[in-house]
Amino acid sequence: MQKPGLPEGTRDFGPEQSRKRNYIFDTIRAVFIKFGFQPLETPAMENLSTLTGKYGDEGDQLLFKILNNGDFLQKADPDALEARDSARLASSISKRGLRYDLTVPFARFVVMNRHALTFPFKRYQVQPVWRADRPQKGRYREFYQCDVDVIGSDSLLYEAELVQIYDEAFADLQLPVEIRINNRKILYGIAEVAGITDRFTDMTVAIDKLDKIGFDGVRKELSDRGIPAAAVATIEKILSASDLEALQPVFAASETGKQGLEELEQVFRYLEKVPLRNEVRFDITLARGLSYYTGCIFEVLAKGVKMGSIGGGGRYADLTGVFGMPGLSGVGVSFGADRIYDVLDMENLFPDALTESVRILFAAFDEATHLYAFECVSAVRAAGIPADLYPTPGKLKKPFDYAAKCNIPNVAIIGETEMQERTVTVKNQQSGEQKSMSLDELLQYLSGH
RNA sequence: GAGGAUGUAGCUCAGUUGGUUAGAGCGCUAGUUUGUGGCACUAGAGGUCGGGGGUUCGACCCCCCUCAUUCUCCCCA
């Protein structure tokens, strides 16, 4: 006999967890649909050529690769095999990999189906993704993303809609969040003003850590990355500006920076027109890792909870370009369902009703009454009410025990008398109240209890 | 990729400086007037102590190796 186990960083979801997860998915999906997004599903695996080079060097290393079928070593690169060079060998023995996110497969889909799509194309996608990261708290190797993207328009209307979607979905989930927004062009403008456009990435990585390591830490990080002291001083001065207005004079010398400012102002002009239930905040230090973002970027943090971001996204001016379809701008955001689950669980924010499986359990005493009970449970089900029949007739201890453990609120007792009178005796598990009623009365009773 | 922690019953964990037959709680099964659950009581099943090697008269305990899980850093949802 072998010991059963699960691969590192993956999990089973039992009935209760699944119900809670579906609650999250359903809530988010309903908002997506309301905003006019259309469903899309893509395969778990993609050609590696589709995935590699889209997420930076680190991302490439986190891709799960799938071993080719058949006698793959026969066709393996003999030199790489001899040299034990895994990186080089991989391409000759693996041509497919598990998807790393939902955005790149979406871009591939758009390019392949451009003839059939009407732009701007709004799609949502709720599927698992896989990353060969070292698992830890709030980080898994298999996790779900709920993505919404619009492709084929550079209108800032969509940035505003996506903020609204975040706001509404988290309000529906009763989870207070802070939605942070920034613009890649503002970050580039900082680099321009500081005269270090060649060190743009180093700069963003460093200032992204501001709320974690403070100004002193950022200063050190910038210096360590070889950015001159004068530039560090300039950056620090710009970072201390907390609102958009204060940045106006700073970007007098940066066309890109100015443009970033204008974009954010436009987004806020839209948002001023609608009521929002969560805090939306401009955060100049927000950077985000993925290299394809070009305009607005977003991040969502749960308030008062120690957990990484539970959502993020941004504008990418030319994601489809690598697949041979340039000039198509897109913007999208993602909900990290598994982290949202962890936060809702920690904060006890799941609705109580989620634990209920069926409304009523039928229990009978012998073969004859069991048959009548089967008739009854079928009638209840036919009325669209979830119901169950305990499989073995006999003493009532077992079915009552079962009902208690499965959180079933009503138990119907079916005995000789009930069968004769064509009634059922229903006990409410919570109040202990018990009464006899006809089947019609039962249906009415159940729709209320 | 770097570093730490933990592996003992189905689950959560005790286990003395190394000493006879390895424990508890929960869960499970069966009972406690054969038409009534959560509670209580009684009885019972269930472990090659992650695996391999070593030290020792003797190892759950000490040493080495290995596997698995988990946490932190990097990075991310």
Side-chain angles (χ1 to χ4, degrees), chain A residues 1-11 14 24 28 55-62 86-87 100-103 126-147 166 177 201 204-206 208-209 212-213 221 287-291 298-302 306-314 332-343 361-366 369 373 390 393-419 424-434 436:
Chain A
M1 199 184 76
Q2 64 171 48
K3 243 189 208 163
L6 235 38
E8 194 181 357
T10 66
R11 299 138 314 147
I24 294 172
I28 293 173
Y55 310 106
D57 288 343
E58 293 220 22
D60 283 355
Q61 290 179 340
L62 298 180
S86 309
Y100 179 91
D101 72 356
L102 301 179
T103 311
V126 177
Q127 288 191 280
V129 302
W130 294 267
R131 295 183 189 178
D133 218 337
R134 293 303 296 269
Q136 50 187 277
K137 189 178 178 175
R139 174 179 305 182
Y140 308 97
R141 286 187 151 179
E142 177 185 65
F143 61 96
Y144 270 72
Q145 289 192 328
C146 314
D147 271 33
Y166 267 146
V177 295
T201 307
T204 56
V205 169
D208 188 34
K209 297 178 182 168
K212 238 188 205 174
I213 58 179
E221 178 102 17
R288 298 203 53 83
L290 296 176
S291 43
F298 309 97
E299 189 161 276
V300 181
L301 296 170
K306 227 186 136 197
M307 172 71 73
S309 66
I310 55 176
V333 297
S334 179
F335 288 73
D338 299 79
R339 284 190 177 174
I340 293 170
Y341 180 102
D342 289 345
V343 173
L361 178 73
F362 286 81
F365 291 101
D366 52 33
T369 51
Y390 196 78
K395 285 196 233 179
L396 294 182
K397 180 175 169 39
K398 282 191 177 178
F400 268 92
D401 224 20
Y402 182 83
K405 279 173 184 152
C406 298
N407 233 308
I408 300 170
N410 298 289
V411 177
I413 302 159
I414 308 295
E416 194 66 28
T417 324
E418 285 84 356
M419 182 167 66
V424 297
T425 298
V426 179
K427 180 170 180 182
N428 181 301
Q429 292 287 86
Q430 208 155 27
S431 64
E433 231 176 295
Q434 186 167 316
S436 178

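Chain A is the first sequence line, chain B the second, and so forth, proteins listed ahead of strands; every chain is numbered from 1.
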* If you take atom types as modelled and just measure distance, does the side chain of A:R339 reach the base of B:C76 with a donor-acceptor pair under 3.5 Å? -> yes

* Is there a donor and acceptor pair closer than 3.5 Å between the side chain of A:T369 and the base of B:G35? -> no

Name the nucleic acid region contacted by [X], choosing base, sugar-phosphate or nothing; use a 4.0 angstrom heavy-atom cut-off, strictly under.
X: A:Q434; result: base
X: A:E8; result: sugar-phosphate
X: A:G311; result: sugar-phosphate
X: A:S309; result: sugar-phosphate
X: A:E418; result: base
X: A:L6; result: sugar-phosphate
X: A:T10; result: nothing
X: A:V411; result: nothing
X: A:P7; result: sugar-phosphate
X: A:I310; result: sugar-phosphate
X: A:Y140; result: base

For nucleotides 9-13 of chain B, list the nitrogen or oxygen atoms of the protein found under 3.5 Å from its nitrogen or oxygen atoms, one pair per line.
none

If I pick the [atom1] atom on [M] and the same atom on [N], what distance separates them, to the nearest angstrom?
N: B:G51; M: B:G47; atom1: C1'; value: 16 Å
N: B:A45; M: B:G31; atom1: C1'; value: 15 Å
N: B:U48; M: B:U8; atom1: P; value: 13 Å
N: B:G7; M: B:C49; atom1: P; value: 15 Å
N: B:U17; M: B:G25; atom1: C1'; value: 29 Å
N: B:G15; M: B:C28; atom1: P; value: 27 Å
N: B:U42; M: B:G4; atom1: C1'; value: 47 Å
N: B:A22; M: B:G50; atom1: P; value: 15 Å

Rounded distance (Å) that lies between atom [atom2] of [N] and atom [atom1] of [X]:
X: A:D60; N: B:C75; atom1: CG; atom2: P; value: 17 Å
X: A:R131; N: B:C76; atom1: CZ; atom2: C1'; value: 6 Å
X: A:Y100; N: B:C75; atom1: OH; atom2: P; value: 12 Å
X: A:Q61; N: B:C76; atom1: CD; atom2: C1'; value: 14 Å
X: A:D342; N: B:A77; atom1: CG; atom2: C1'; value: 11 Å
X: A:Q136; N: B:U72; atom1: CD; atom2: P; value: 5 Å
X: A:N410; N: B:U36; atom1: CG; atom2: C1'; value: 14 Å
X: A:K137; N: B:G4; atom1: NZ; atom2: C1'; value: 17 Å

* Output yes when at least one side-chain N/O atom of A:Q145 is less than 4.0 Å from OP1 or OP2 of B:A77, else no. => no

* To do: For B:C28, take OP1 and OP2 only and decide whether either is under 4.0 Å from a side-chain N or O of A:K405.
  => yes

* **Ring centroids of A:F365 and B:G35 base under 5.5 Å with planes under 30°** => no

Minimal non-hydrogen separation, [X] against [Y], with atom names:
X: A:Q429; Y: A:N410; value: CG-N, 4.2 Å
X: A:A364; Y: A:A373; value: CB-CB, 4.2 Å
X: A:R339; Y: A:G138; value: NE-O, 2.7 Å

With heavy-atom distances below 4.5 Å as the criterion, would you say the side chains of [X] and [Y] are in contact?
X: A:Q127; Y: A:Q145; value: no
X: A:I28; Y: A:V126; value: no
X: A:D101; Y: A:Y55; value: yes

* Asked: Hey, are A:D338 and A:R139 close enough for a salt bridge, meaning a charged N less than 4.0 Å from a carboxylate O?
  -> no

* Asked: If you measure from the Lys or Arg side-chain nitrogens to the Asp or Glu carboxylate oxygens, is any gap between A:K427 and A:E433 under 4.0 Å?
  -> no

* Minimum-distance nucleotide (side-chain atoms of A:R139 versus B:C74, B:G35, B:U72) -> B:C74

* Among B:A30, B:G35, B:G1, the one nearest A:I413 by side-chain distance -> B:G35

Report yes or no: does [X] contribute a side-chain atom to a donor-acceptor pair with the main-chain N or O of [Y] at less than 3.5 Å?
X: A:E418; Y: A:G415; result: yes
X: A:D133; Y: A:P135; result: no
X: A:Y390; Y: A:A403; result: no
X: A:T369; Y: A:F365; result: yes
X: A:R141; Y: A:W130; result: no
X: A:R131; Y: A:Y100; result: yes

* **Contact pattern, 5' to 3', of nucleotides 37-45 of chain B - B, S or - by protein heavy atom under 4.0 Å** => BB-------

* **Test ring pair (Phe, Tyr, Trp, His ring centres under 6.0 Å) applied to A:F335 and A:Y166, step by step** => CA-CA 8 Å; A:F335 288 73; A:Y166 267 146; 4.9 Å; yes

* Structure fact -> Stems in RNA chain B, runs of 3 or more consecutive Watson-Crick or G-U wobble pairs with both distances under 3.5 Å, sorted by first number, are B:1-7 with B:67-73, B:10-13 with B:23-26, B:28-32 with B:40-44, B:50-54 with B:62-66

